[in-house]
Peer 1: 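Please see the structure below; I have some questions.
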Amino acid sequence: MPTITIQPHPELCVDGAVFEARSGTFLCDALLRNHIALEHACEKSCACATCHVIVQQGFATLAPASDDEEDQLGRAWGAQANSRLACQVLLREQDLVLELPRYTVNLARERA
């Protein structure tokens, strides 16, 4: 099982996190199961960029992004060459280190 390391994020994961996830699981689902409230406005259908993550380590071990994912990443706030949509990343056996971007493109989100 791969180990997923989340770097500290001021809102979603203040102290960072480390957890194991099952291979064959989508990254977004693994994050949500481990209480990382990553946005996924399109309900994980690759129709938005709110689940954008930056893969700091392990990027090369992931399957390539589809054309649809690449199109959505073009809209993501702060996208980098090592950016992916968590709803499209199928976990393999390799560990990942992730950075959660500070902002998303979800203009409809309201904060309490």
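Atoms considered below: every heavy atom in the structure, side chains included; atoms not considered: hydrogens, waters and symmetry mates.
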Peer 1: Got a sec, which pairs hit salt bridge (Lys or Arg N to Asp or Glu O under 4.0 Å) with one end in residues 44-67, sequence neighbours left out?
Peer 2: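 Pairs touching residues 44-67 that pass the test: D29-K44.
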
Peer 1: Heavy atoms only: give me the nearest L96-G58 pair and the separation to one decimal.
Peer 2: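 Result for this residue pair: CD2-O, 3.6 Å.
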
Peer 1: Considering residues at least two apart in sequence or located in another chain, which fulfil the side chain to side chain contact (heavy atoms under 4.5 Å, CB included) criterion with A41?
Peer 2: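 Result, side chain to side chain contact (heavy atoms under 4.5 Å, CB included) vs A41: C48, T50, N106.
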
Peer 1: Can you list the steps and then say if T5 with L98 is a side chain to side chain contact (heavy atoms under 4.5 Å, CB included)?
Peer 2: CA-CA 6 Å; T5 302; L98 305 175; over 6 Å; no

Peer 1: Any side-chain heavy atom of C87 within less than 4.5 Å of one from S45?
Peer 2: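 They are not in contact (no side-chain heavy atoms under 4.5 Å apart), so the answer is no.
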
Peer 1: Please report the closest heavy-atom contact between Q80 and I54, naming both atoms and the distance.
Peer 2: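 So the two residues come closest at NE2-CD1, 3.6 Å.
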
Peer 1: Applying ring-ring contact (aromatic ring centres under 6.0 Å, His included), which residue pairs with at least one partner in residues 36-86 are found, sequence neighbours left out?
Peer 2: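 Output for this query lists W77-Y103.
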
Peer 1: Tell me, do L27 and Q88 make a side-chain contact under 4.5 Å, heavy atoms counted?
Peer 2: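 The answer is no; the side chains never approach within 4.5 Å.
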
Peer 1: Considering all heavy atoms of both residues, which atom of S83 and which atom of G78 are nearest to each other, and what is their separation?
Peer 2: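 Closest approach of S83 to G78: OG-O, 4.4 Å.
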
Peer 1: R75: what forms a side-chain hydrogen bond (donor to acceptor under 3.5 Å, both in side chains) with it, not counting sequence neighbours?
Peer 2: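 Result, side-chain hydrogen bond (donor to acceptor under 3.5 Å, both in side chains) vs R75: Q72.
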
Peer 1: Report the hydrophobic cluster partners of L90, with the cluster defined as I, L, V, M, F, W, Y residues connected by side-chain heavy atoms closer than 4.5 angstrom, directly or transitively.
Peer 2: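 L90 shares its hydrophobic cluster with F26.
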
Peer 1: What pairs of residues pass the salt bridge (Lys or Arg N to Asp or Glu O under 4.0 Å) test when at least one of them lies in residues 48-64, not counting sequence neighbours?
Peer 2: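 Every pair satisfying salt bridge (Lys or Arg N to Asp or Glu O under 4.0 Å) with a residue in residues 48-64: there are none.
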
Peer 1: Test side chain to side chain contact (heavy atoms under 4.5 Å, CB included) on L91 and I4 and set out the steps.
Peer 2: CA-CA 10 Å; L91 296 175; I4 310 300; 3.9 Å; yes

Peer 1: In the structure I gave you, are the side-chain heavy atoms of E39 and C51 within less than 4.5 Å of one another anywhere?
Peer 2: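 Counting from C-beta outward, E39 and C51 never come under 4.5 Å.
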
Peer 1: Give every residue pair that meets the salt bridge (Lys or Arg N to Asp or Glu O under 4.0 Å) criterion with at least one member in residues 79-99, sequence neighbours excluded.
Peer 2: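 Salt bridge (Lys or Arg N to Asp or Glu O under 4.0 Å) check on residues 79-99 returns E69-R84.
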
Peer 1: If two hydrophobic side chains count as joined below 4.5 Å and joins carry through other members, does V53 share a cluster with L62?
Peer 2: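 Yes, same cluster.
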
Peer 1: Taking atom CG of N34 and atom CD of E20, what is their separation to the nearest 0.5 Å?
Peer 2: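 Between N34 CG and E20 CD, I get 10.0 Å after rounding to 0.5 Å.
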
Peer 1: L85: which other cluster members, linking ILVMFWY side chains closer than 4.5 Å, directly or transitively?
Peer 2: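 Besides L85, the hydrophobic cluster comprises L73, listed by chain and residue number.
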
Peer 1: Are L12 and L31 close enough that some pair of their side-chain heavy atoms sits under 4.5 Å apart?
Peer 2: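 No; the side chains remain at least 4.5 Å from each other.
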
Peer 1: List the atom of R102, the atom of E11, and the distance in Å for their closest heavy-atom pair.
Peer 2: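 Distance-wise, the nearest heavy atoms are NH1-OE2, 3.1 Å.
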
Peer 1: Let me see the working for N82 and Q56 under side chain to side chain contact (heavy atoms under 4.5 Å, CB included), right down to the final yes or no.
Peer 2: CA-CA 7 Å; N82 56 334; Q56 297 292 359; 3.9 Å; yes

Peer 1: Start with the C-alpha distance between L100 and I6, add both sets of side-chain angles, then the distance that settles side chain to side chain contact (heavy atoms under 4.5 Å, CB included), and finish with yes or no.
Peer 2: CA-CA 8 Å; L100 306 177; I6 311 299; 3.7 Å; yes

Peer 1: Please report the shortest heavy-atom distance between C42 and A47, naming the atom on each side.
Peer 2: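 The pair with the smallest heavy-atom distance is SG-N, 3.4 Å.
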
Peer 1: For the residue pair A30 and T25, what are the closest heavy atoms and their distance?
Peer 2: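 Here A30 and T25 meet closest at N-CG2, 4.0 Å.
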
